[in-house]
Amino acid sequence: MTSALPRPDITPVSAPYWNALTEGRLTYQSCACGHRWLPPRADCPNCLGQQWTWQTAAGGATLVSWVVFHTPPSDAFDGLTPYNVAVVQLDEGPRMITNIDDAPDGKGLRIGQRLTLAIHREDDLAIARFRKATP
């Protein structure tokens, strides 16, 4: 069965990110200037340089913020509410937008909470999500 959810636009710049997720790794870009970022882009958002490489994240992150959707934003999301959309900061520095899979309704989440990577497969696509870290 194929999902009706929106799919990412996989470009030559972002393909290594998506391929790494398929292999079970979360990657981010790191520039010669020291800046690290997500989502993928051709130029460093700090110095606009193109001297960057892909790095693999260890899988730890901190919760920065989140919101819980109780009403589907479109028909594609019918039956999926409630769900959260979160901003997390990887231990390596980059921030990313994701979901916390073990708290769809937001219960038990708090700013600064430790999280661990949980890669999920949705149809033929691997998605980086997170879950609450166990103490």
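All residue numbers refer to positions in the sequence shown, counting from 1.
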Please find the pair of heavy atoms, one from [X] and one from [Y], that lie closest to each other, and give the distance.
X      : Y      : result
Ser14  : Pro40  : CA-CB, 3.9 Å
Thr116 : Ala133 : CG2-CB, 3.9 Å
Gly108 : Lys132 : O-CD, 4.0 Å
Ile119 : Arg25  : CD1-N, 3.7 Å
Cys47  : Cys44  : N-SG, 3.4 Å

message = Would you say CG of Leu80 has more than 12 non-hydrogen atoms from neighbouring residues, nucleotides or ligands within 6.0 angstrom?
response =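 Yes - once you tally the heavy atoms of other residues, nucleotides and ligands closer than 6.0 Å, there are more than 12.
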ask   = Is the number of heavy atoms from other residues, nucleotides or ligands within 6.0 Å of CG (Asp75) greater than 12?
value =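 Not buried by this count: 12 neighbours or fewer within 6.0 Å.
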Does [X] reach the side chain of [Y], with side-chain heavy atoms less than 4.5 Å apart?
X      : Y      : answer
Thr56  : Tyr28  : no
Tyr17  : Pro39  : no
Phe77  : Tyr83  : yes
Ile10  : Leu125 : yes
Met96  : Phe130 : yes
Asn84  : Lys107 : no
Leu115 : Thr62  : no
Thr81  : Thr71  : no

ask   = So does Arg114 pair up with Asp91, basic N to acidic O under 4.0 Å?
value =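 The answer is yes: the pair qualifies as a salt bridge.
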Hey, could you give me the [atom1]/[atom2] distance between [X] and [Y], rounded to the nearest 0.5 Å?
X      : Y      : atom1 : atom2 : result
Leu117 : Thr98  : CG    : OG1   : 8.5 Å
Ser65  : Leu109 : OG    : CG    : 10.5 Å
Asp9   : Arg7   : CG    : CZ    : 11.0 Å
Arg41  : Gln29  : CZ    : CD    : 9.0 Å

request  = State whether the side chain of Trp52 and the backbone N or O of Ala42 hold a donor-acceptor pair below 3.5 Å, judged by distance alone.
outcome  =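 Yes; at least one donor-acceptor contact below 3.5 Å.
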task = For Arg36 and Glu92, indicate whether the former's side chain and the latter's backbone hold a donor-acceptor pair under 3.5 Å.
result =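 The answer is yes, because a donor-acceptor pair under 3.5 Å joins these two groups.
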Answer yes if [X] and [Y] sit in the same cluster of Ile, Leu, Val, Met, Phe, Trp and Tyr residues linked by side chain heavy atoms under 4.5 Å apart, and no otherwise.
X     : Y      : value
Val64 : Ile100 : no
Leu26 : Trp54  : yes
Leu90 : Trp18  : yes
Val87 : Leu63  : no
Val88 : Ile111 : yes

inquiry  = Apply side-chain contact (heavy atoms from CB on, under 4.5 Å) to residues Val85 and Asn99 and explain how you reach the verdict.
reply    = CA-CA 5 Å; Val85 175; Asn99 309 103; 4.2 Å; yes
message = Over 60° means perpendicular and under 30° means parallel, so tell me whether His35 and Trp37 are parallel, tilted or perpendicular.
response =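 Correct class here is parallel.
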